[in-house]
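If you're wondering where the values come from, they're calculated on a predicted model, not measured in any experiment.
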Amino acid sequence: VTAGDFPLTALAPSLADWLVRLEHGLGFVLVRGFPAREWSKSDVALAYWIIGRHLGEPVPQNTAGELLVDVRDTGADAAHHGTRLYKTRAELSFHTDGADIIGLMCLRAARSGGVSRICSSARVYNEIVRRRPDLAPLMFETYQHHAHGQFGPDGPKTFPYPIVTRAGDAFRMFLLPWYIRNAAEDFPDIASLSDAQRELLDLLESIPLEDGMALDMSFQPGDMQFLKNSVILHARSDYEDHDEPDEKRHLLRLWL
């Protein structure tokens, strides 16, 4: 299903506004009120997919090539280095994902917790430059990230990427702290960290937790959140789920 199959004429002005807000505004949009409980989950997923196609081109989120991913607790062990944490109820520290726009659609909310938290990565960068100019250059160094099996059993165990890149006026932060720490723990021969680099990672995680740094959103069924990945960090608190299977926390995720 492509954007051309469903022009969404009535929604077109809003879609255009969302893109302007993402690219030139604050870098995030929260859309509330989609009738997620009145429609079947499959119909909501299709509608969300169509909206996403009007905002960008979906890209794969895992080795299976999935373009629309279920974010819910599968019972996976959050402590295992091969686990993608979105498949658990564990807290997710502030991080980025692997696309230009990160989208979430809430089908069902948690019984408690599961709060979405966002923070300006540009502000975090500026705070480190201001407070710790000695650590700031380390953000431009290349770090080995644990692949968590995403490249298959015979593929690379890690992948290299800097935390911050600058190209002219374009700023991008790519932050996955536990990927970097897991790589250093499992593959110390190629991914060891200096004390200063570890201190930087701790600072990158702690600054967004300070008062006034982050914005919290408690998702309701029918909420859609879109983030500009290069300038917005996102996190999630841990959560308690409902007992009824159909009421358990369930989000859909698009990478665009």
- Query: Between Glu210 and Arg131, does a salt bridge (Lys or Arg N to Asp or Glu O under 4.0 Å) hold up when you go through it step by step?
  - Reply: CA-CA 14 Å; Glu210 296 175 1; Arg131 301 180 194 183; 2.7 Å; yes
Given side chains that start at C-beta, do those of [X] and [Y] come closer than 4.5 Å, heavy atoms only?
X	Y	result
Trp18	Val31	yes
His250	Val71	no
Thr165	Phe174	no
Leu175	Pro177	yes
Tyr143	Leu193	yes

In residues 101-113, what donor-acceptor pairs under 3.5 Å come from side-chain atoms, sequence neighbours left out?
{"from": "Arg108", "atom 1": "NE", "to": "Asp246", "atom 2": "O", "distance (Å)": "3.2"}
{"from": "Arg111", "atom 1": "NE", "to": "Asp241", "atom 2": "O", "distance (Å)": "3.4"}
{"from": "Arg111", "atom 1": "NH2", "to": "Asp241", "atom 2": "O", "distance (Å)": "3.4"}

Can you get from [X] to [Y] by hopping between Ile, Leu, Val, Met, Phe, Trp and Tyr side chains that sit under 4.5 Å apart?
X	Y	result
Leu11	Leu30	no
Val44	Leu68	yes
Leu46	Leu254	yes
Leu209	Ile207	yes

- For residues 45-61, pull every pair meeting salt bridge (Lys or Arg N to Asp or Glu O under 4.0 Å), keeping only residues two or more places apart or in separate chains. Arg53-Glu57
- Quick note, salt bridge (Lys or Arg N to Asp or Glu O under 4.0 Å) partners involving residues 166-176, not counting sequence neighbours, are Asp100-Arg172
- Query: Is the CG atom of Leu26 crowded by more than 12 outside heavy atoms at less than 6.0 Å?
  - Reply: no
- Over 12 non-hydrogen atoms of neighbours within 6.0 angstrom of CG in Asp5: yes
- Item | Distance-only polar pair, side chains of Glu205 and Ser93, donor-acceptor under 3.5 Å | yes
- Message: Apply side-chain contact (heavy atoms from CB on, under 4.5 Å) to residues Gln225 and Ile118 and explain how you reach the verdict.
- Response: CA-CA 11 Å; Gln225 180 196 72; Ile118 65 173; 4.0 Å; yes
Can you name the nearest heavy-atom pair linking [X] to [Y], along with the distance?
X	Y	answer
Phe94	Ala214	CZ-CB, 3.8 Å
Leu233	Pro208	CD1-CG, 4.2 Å
Val1	Trp49	O-NE1, 2.9 Å
Phe171	Ser121	CE2-OG, 3.6 Å
Val129	Ala136	CG2-CB, 3.9 Å
Thr158	Ala183	CG2-CB, 4.2 Å

As an exercise, state the distance from [atom1] of [X] to [atom2] of [Y], rounded to the nearest 0.5 Å.
X	Y	atom1	atom2	result
Ile232	Met173	CD1	CE	11.0 Å
Leu251	Arg72	CG	CZ	10.5 Å
Glu199	Arg132	CD	CZ	4.0 Å
Asp216	Ser116	CG	OG	8.0 Å
Leu204	Leu135	CG	CG	9.0 Å
His95	Asn229	NE2	CG	8.5 Å

- Query: Do Tyr161 and His145 have ring centres separated by under 6.0 Å?
  - Reply: no
- Qualifying residue, where the test is side chain to side chain contact (heavy atoms under 4.5 Å, CB included) with Ile163 and the options are Leu176, Leu138, Leu201: Leu201
- Report the hydrophobic cluster partners of Val115, with the cluster defined as I, L, V, M, F, W, Y residues connected by side-chain heavy atoms closer than 4.5 angstrom, directly or transitively. none
- Other ILVMFWY residues reachable from Phe187 by side-chain steps of under 4.5 Å: Ile190
- Message: Can you tell whether the side chains of Glu91 and Arg236 come within less than 4.0 Å, N to carboxylate O?
- Response: no
- Task: For the pair Arg198 and Asp202, find out whether any cationic side-chain nitrogen is under 4.0 Å from an anionic carboxylate oxygen.
- Result: no
- How are the rings of Phe140 and Tyr125 set to each other: parallel, tilted or perpendicular (split at 30° and 60°)? perpendicular
- Task: Take Met213 and Val124 through the side-chain contact (heavy atoms from CB on, under 4.5 Å) test and state the conclusion after the steps.
- Result: CA-CA 8 Å; Met213 290 295 298; Val124 173; 4.3 Å; yes
- Task: Begin from the C-alpha positions of Val231 and Lys228 and carry the test side-chain contact (heavy atoms from CB on, under 4.5 Å) through to its verdict.
- Result: CA-CA 6 Å; Val231 295; Lys228 183 177 180 179; 3.7 Å; yes
- Task: Taking ring-ring contact (aromatic ring centres under 6.0 Å, His included) as the test, write out the residues that go with Phe6, two or more places apart.
- Result: none
- Query: So which of Tyr48, Trp39, Phe219 actually passes ring pair (Phe, Tyr, Trp, His ring centres under 6.0 Å) with Phe34?
  - Reply: Trp39
- Task: Decide yes or no on side-chain contact (heavy atoms from CB on, under 4.5 Å) for His148 and Tyr179, but give the supporting numbers first.
- Result: CA-CA 8 Å; His148 295 149; Tyr179 278 51; 3.5 Å; yes
